[in-house]
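Beneath this line is the structure, given in structure tokens, with notes to follow.
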Amino acid sequence: MIDFKRQLESLMMPLTVELFGDHGVAIDLQETRKEFNADFTLVVFPFLKFSKTSPEKTAEIVGSKLSTELSEINNFSVVKGFLNLNLSQEFVSKIFAGIESEKNFGITAANNTQPSVMVEYSSPNTNKPLHLGHIRNNLIGHSISNILKASGRNVVQVQIINDRGVHICKSMWAWKKFGNNETPEKSRLKGDHLVGKYYVLFDQEYKKQVSEKMSKGISEVDAKKSVACILEVQKMLLDWEAGDPEVVKLWKKMNEWVYSGFNETYQRLGIEFDKNYYESETYILGKSDIEEGLKRNIFFRKEDNSVWIDLTNDGLDEKIVLRSDGSSVYMTQDIGTAIQRFKDFEIDSLTYVVGNEQDYHFKVLFLILEKLGYKWAKRLHHLSYGMVDLPTGKMKSREGKVVDADDLLDEMESTAKQMSTELGKANSLSSKESQMLDKIIGHGALKYFILKVDPKKRMVFNPDDSVDFNGNTGPFLQYTHARISSLIRKAGFQKSIDLSDVHWNEKERDLVLGLSKFPEVIHNSAIDLNPSHIANYLYEIAKSFNSFYQKHSVLSAESKTISAYRLALCVQVAGVLRRGLNLLGIDAPEKM
RNA sequence: GGUUCCGUAGCUCAGCUGGAUAGAGCAUCUGCCUUCUAAGCAGACGGUCGCGCGUUCGAAUCGCGCCGGAAUCACCA
């Protein structure tokens, strides 16, 4: 489907050139404000220089030219310097026919010859369960993957699991000390929660030991470094690196618990990855790339043997890439991992979904890879999203001020259940059906609540608001879809329709023109890496539909012809809502 | 202190390649279910778009300077 707005602009261009001469003035069509009852507005101010008359007069001249010469334009009106144009019924029909002619209007199927794009998201540590912050990350990452797919890209979704390091050793240490061989099976606790429990236990023990030491007159800084438990954890990490069989065995066991817990949560969220990278495998990467860059003078070695890159000419600082003992820093393995990924897959770009606290890190990473001469470095993106705050302030995992992902999903489901019971919606459904619906609606509410906000902005998560199912919410969109589905069910088989004589009323025109924007919205979301455009667009469509639905009857319209084309319109609205919601990872129920 | 991001209605957010009287939802208040799902619709109330200067026919939008908030600037992960 071609963009009819752009089509109109190019039709108008030669006409204005005819009127005022060719001065390179672009035609800028914008949507008419609601109160003026027209489809598009052409701002004539840019033409004043050449029309040499008042804005009103200029608009008159342009308006009469356009409406006489273009069959697409029916009539026009002038308000101040604004030329309001009305599209002809035939042209609206043509636009609608274009929408109908495509099976999955708005979605561009992936072309297999195209290079793929990799999206990395989630990337959890394996010492505690997922929380609200991960949920935002996951929802954005998954949604943007869907959106990229819908704009014709092949997508490889990956996560890197931070499965090694002091954090997991802390859990391991506490489990050995206090665990009594507790397992997820024995205590019927989800694996990631069980490991998280021992991480918390470690922290408590650590604090206890630190304060004991401090009471003996040792400074806090020294105490924190010298208490027994932290020394044992550090020893454990060294043993792990040395491949100590017993430590490795425990490490494997506890990580497995965490993975099964994560997978359960991912499944609930409807998320899956094409490949998991593990830090235990990637943390060695990058050193050889540094050595090579050192030979090419991209990096330099200081007297103490540490290796650095000087980025002061790029407005940044000097950055370390290898420690003086030759060991890696985060940057080292990120360099190596990026390079590895372009070897593993036929991709031409890579997008990292990571919080904005790491803006600087990624700026440096991309710059280094560019200096190393990788041409794909220009196509690395950091989808930097803002932190999620609670109404009470920042989330602090150490202080237990976190919203747990599983708890949150449970809560959303039970709220959905409560709502549908109150509204008497569940009566006509089997208990199995309504249970499914509670999940679809509860999760829909959560996903929409998070995705409707521009990712790069920090957002406040108020549980009371997220649980609201009225107004600009996921359930509202789902409800609209269910309403239409019900109409379609009742109408039965849909006849083919003749659009040639349709007289579109105002609400219908709004819908047709609204629907026509869907491909562009997807495209822009993909370019901006921003799912919120989709969310806000769907809300507009749904509002527009409900307003239409309230005012005009579909099944018992004035005539069968009207009924038929209205139904066809409904089918397209439902399709756009469903496909749009799916891009956000939200299911569109047929009943609710 | 340097760099980056943010500041729009009581609250949560749209709008930001410059365009008309700045939009939604929530909250508060009014109407609308003997008619296709009222998780809906129609309406009221609510604003010095952080402040100032500049560019422009025109600035929430662009530039500069302040004020306020956040992140980051580790031989941490």
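No experiment lies behind these values; they were computed from the predicted model shown.
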N/O-N/O pairs, protein side and nucleotides 2-7 of chain B side, under 3.5 Å:
residue, atom, partner, partner atom, Å
B:G7, OP1, A:Lys457, NZ, 3.3

Partners of A:Asn472 by side-chain contact (heavy atoms from CB on, under 4.5 Å), sequence neighbours excluded?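 Per chain and number, A:Asn472 pairs via side-chain contact (heavy atoms from CB on, under 4.5 Å) with A:Tyr448, A:Lys452, A:Tyr539.
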Which residues satisfy the side-chain contact (heavy atoms from CB on, under 4.5 Å) test with A:Lys224, sequence neighbours excluded?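 Once residues adjacent in sequence are excluded, the partners of A:Lys224 under the side-chain contact (heavy atoms from CB on, under 4.5 Å) criterion are A:Tyr206, A:Val210, A:Glu220.
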Report yes or no: is there a donor-acceptor pair, N or O only, under 3.5 Å between the side chain of A:Asn84 and the base of B:A20?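 By the distance-only test, yes, there is a pair.
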Has the side chain of A:Thr41 got a donor or acceptor that lies under 3.5 Å from a partner of the other kind on the base of B:A20?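 Indeed, a donor on one side and an acceptor on the other fall under 3.5 Å apart.
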Bracket string, RNA chain B, 5' to 3' - pairs by Watson-Crick or G-U geometry under 3.5 Å, | interstrand: (((((((..((((.....[...)))).(((((.......))))).....(((((..]....))))))))))))....
With [X], which residues qualify under side-chain hydrogen bond (donor to acceptor under 3.5 Å, both in side chains), at least two apart?
X        : result
A:Ser434 : none
A:Glu56  : none
A:Asn37  : none

N/O to N/O distances under 3.5 Å, protein versus nucleotides 67-70 of chain B:
residue, atom, partner, partner atom, Å
B:A70, O2', A:Arg458, NH1, 2.7

Just to verify, what does A:Asp454 make a salt bridge (Lys or Arg N to Asp or Glu O under 4.0 Å) with, not counting sequence neighbours?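 A:Asp454 satisfies salt bridge (Lys or Arg N to Asp or Glu O under 4.0 Å) with A:Lys456 only.
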Reading 5' to 3' through nucleotides 30-39 of chain B, protein heavy-atom contacts under 4.0 Å coded B for base, S for sugar-phosphate only, - for none: ------BBSB
Per-nucleotide protein contact string for nucleotides 57-64 of chain B, where B marks a base within reach and S marks sugar-phosphate only (heavy atoms under 4.0 Å, - for neither): B-------
I need the full list of salt bridge (Lys or Arg N to Asp or Glu O under 4.0 Å) pairs touching residues 316-331 of chain A, with sequence neighbours left out, sorted by first then second residue.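 Every salt bridge (Lys or Arg N to Asp or Glu O under 4.0 Å) pair that includes a residue of residues 316-331 of chain A, provided the two are not neighbours, is A:Lys302-A:Glu318.
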